Each structure stands twice: as C-alpha cells, then as structure tokens.
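The structure under discussion appears below in the form of structure tokens.
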Amino acid sequence: MSDIRWQKSSFSTDSVDCIELAHPGIHILLRESDEPGVAVRTTPERLRPLLLGVKAGTLDHPM
C-alpha cells in the first residue's frame, strides 16, 4: 500500500488521529492514520450511505 496516494480528512486537526481515504481504482480504501498498515476496502456505492448517515448525525449515540 506504499504506492497508494492517501488523502486526510479536512476536519483533521492533527496528523495522528484522522481518517484517510484513497481511491486507487474501482474501490475506496479507508484507514486510520495511526494504523497505516490496516485498511478497509469498499465501493463508492457502499460508502455513500455511511457518509450520509455520519453527516446527518444519525449514527451519533450518547456515551
């Protein structure tokens, strides 16, 4: 995964705790910056509902 170009979230305030995305082909890769060797692979169609839920706040749960 070293030749893949990763993009950090614009909401990241530091370089340690953030989500990074890459789109090397038909799949989208997601990883946490503090675990660069571990990535989740998905498709744009499957990622879209998750992102919409996060943006809408429907995934927020009280701690």
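Start at 1 with the first residue, then count along the sequence. The structure presented is a predicted model; accordingly, all values stated were derived computationally and were not measured.
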Using 0.5 Å steps for rounding, measure from the CD atom of Glu20 to the CD atom of Glu35. 12.0 Å
What's the separation between atom NE2 in His23 and atom CD in Gln7, rounded to the nearest 0.5 Å? 11.5 Å
Are Ile19 and Ile4 linked, directly or through other ILVMFWY residues, by side chains that come within less than 4.5 angstrom of each other? no
Least distance between heavy atoms, Val38 atom then Arg31 atom: O-CB, 3.2 Å
Does the side chain of Pro44 come within less than 4.5 Å of His27's, by heavy atoms? no
Side chain to side chain contact (heavy atoms under 4.5 Å, CB included) with Thr58: which residues, sequence neighbours excluded? Ala56
With sequence neighbours left out, the residues meeting side chain to side chain contact (heavy atoms under 4.5 Å, CB included) with Leu47 are Ile28, Leu30, Thr42, Leu50, Leu51
